[in-house]
Asks: 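This is the structure I have questions about; it appears just below.
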There are 2 protein chains.
Amino acid sequence: MKEKAPDWIGKVDPCDANCPSRDILDLIGDRWSLLLLLVIAQGHHRNGELKRRVGGISQKMLTQTLRALEANGLVERRDFGTVPPHVEYRLTPLGVSLAHSLTPLFEWIEREFDAVVAARAAFAGREAA
Amino acid sequence: MKEKAPDWIGKVDPCDANCPSRDILDLIGDRWSLLLLLVIAQGHHRNGELKRRVGGISQKMLTQTLRALEANGLVERRDFGTVPPHVEYRLTPLGVSLAHSLTPLFEWIEREFDAVVAARAAFAGREAA
DNA sequence: TGAAGTACGCACCTTGAGGTAACTATGAAA
DNA sequence: TTTCATAGTTACCTCAAGGTGCGTACTTCA
């Protein structure tokens with residue numbers, strides 16, 4: 001008995017440790033990647049801008065994560081070659097489609113945020129008892 | 001607001017380093033959490049079963065991740081108290097709703113998998129040149 | 001004459017995530 | 001009688017993720 005037929009099982013199996021989709025999952029399943037995707041989709045494009053928007057990210061992780069997103073074809077980097085430097089990051093069509101697929105997740109967080117916090121408190125209470 | 005108001009920005013702001021939604025994002029943005037959610041939704045419920053399904057996970061991470069999911073109200077743990085031990089993990093309604101919100105993401109991975117791999121190869125080629 | 005902004009690269013170092021192995025108790029099977 | 005499966009817990013140890021700080025080349029503002 002299965003509560004709900006999982007529609008998302010197919011040829012690509014992230015459960016297989018050797019399937020390359022694991023790499024994708026690792027990329028997605030990264031706090032900074034998620035946040036950067038979010039912020040870039042919101043229309044912020046420059047290094048400093050992104051750093052200011054994403055609270056707590058270091059310059060190192062910013063560059064590193066942007067490179068990873070670029071390497072996976074999700075973000076396009078445009079260097080204007082001027083001095084002082086001017087570089088812009090934009091979502092590729094692939095990145096846009098991913099951002100759309102993430103929308104339900106962010107919506108879920110907004111919608112169920114309180115429920116999770118409540119569940120967390122309840123659990124903590126149970127443990128303490 | 002901003003230029004291209006994305007639908008998923010509201011009171012809950014994961015960009016704020018102090019917003020508790022960061023914790024949720026950290027929980028979700030975890031390879032094992034994602035995979036476990038996936039596998040449990042597929043109808044696998046017991047410790048050993050999960051461990052066998054999710055390639056590469058250690059017993060430690062399995063337990064640890066299941067506890068985290070439980071602590072956040074996404075998974076319910078039922079201990080039958082028998083010996084030898086029999087424990088079952090099931091998605092709570094909250095967990096089911098999250099799994100649904102993740103469906104587009106997994107679908108995206110399946111759909112765009114080849115595109116990402118291609119982009120990755122192209123990028124590697126560009127760098128090597 | 002500085003100081004600050006811009007987009008990094010690089011070296012150093014710490015911390016913690018996560019792997020491994022050993023141990024728990026018990027019943028069933030070989 | 002020994003081994004296995006069950007579902008863990010705990011201690012130990014390593015490796016790499018990621019933070020900090022400095023350097024760079026140039027321009028504009030104070």
Asks: Quick check: are there more than 12 heavy atoms from other residues, nucleotides or ligands sitting under 6.0 Å from CZ of B/R77?
Replies: yes

Asks: Using nucleotides 7-9 of chain D, report all nitrogen or oxygen pairs with the protein that are shorter than 3.5 Å.
Replies:
residue: D/dA7; atom: OP1; partner: B/R46; partner atom: NE; Å: 2.9
residue: D/dA7; atom: OP1; partner: B/R46; partner atom: NH2; Å: 2.8
residue: D/dA7; atom: OP2; partner: B/G48; partner atom: N; Å: 3.2
residue: D/dG8; atom: OP1; partner: B/R67; partner atom: NH2; Å: 3.1
residue: D/dG8; atom: OP1; partner: B/R77; partner atom: NH1; Å: 2.3
residue: D/dG8; atom: OP2; partner: B/Y89; partner atom: OH; Å: 2.4
residue: D/dG8; atom: O5'; partner: B/N47; partner atom: ND2; Å: 3.1
residue: D/dT9; atom: OP1; partner: B/R67; partner atom: NH1; Å: 3.1

Asks: Please identify each residue that fulfils salt bridge (Lys or Arg N to Asp or Glu O under 4.0 Å) with A/R46, with sequence neighbours left out.
Replies: none

Asks: For chain A and DNA chain C, what are the first and last nucleotides along the strand, 5' to 3', with at least one atom under 4.0 angstrom from a heavy atom of the protein chain?
Replies: C/dG5 to C/dG9

Asks: Kindly work out whether a path of hydrophobic side-chain contacts (I/L/V/M/F/W/Y, heavy atoms less than 4.5 Å apart) joins B/V12 to B/L98.
Replies: yes

Asks: Give the intermediate values and the outcome of side chain to side chain contact (heavy atoms under 4.5 Å, CB included) for residues A/Q64 and A/R67.
Replies: CA-CA 5 Å; A/Q64 196 170 303; A/R67 286 295 128 77; 5.9 Å; no

Asks: Between A/P84 and B/G56, just flag the one whose closest nucleotide in DNA chain C comes earlier from the 5' side.
Replies: A/P84

Asks: Would you say B/D13's side chain and B/C15's backbone share a donor-acceptor pair under 3.5 angstrom?
Replies: yes

Asks: If you compare all heavy atoms of B/E76 against all heavy atoms of B/T92, which two are closest, and at what distance to 0.1 Å?
Replies: N-CG2, 3.8 Å

Asks: Which pair of non-hydrogen atoms, one from B/F113 and one from A/S21, has the smallest distance, and what is that distance?
Replies: CE1-N, 3.5 Å

Asks: Would you say the side chain of A/W108 lies within less than 4.5 Å of the side chain of B/I24, judging by non-hydrogen atoms?
Replies: yes

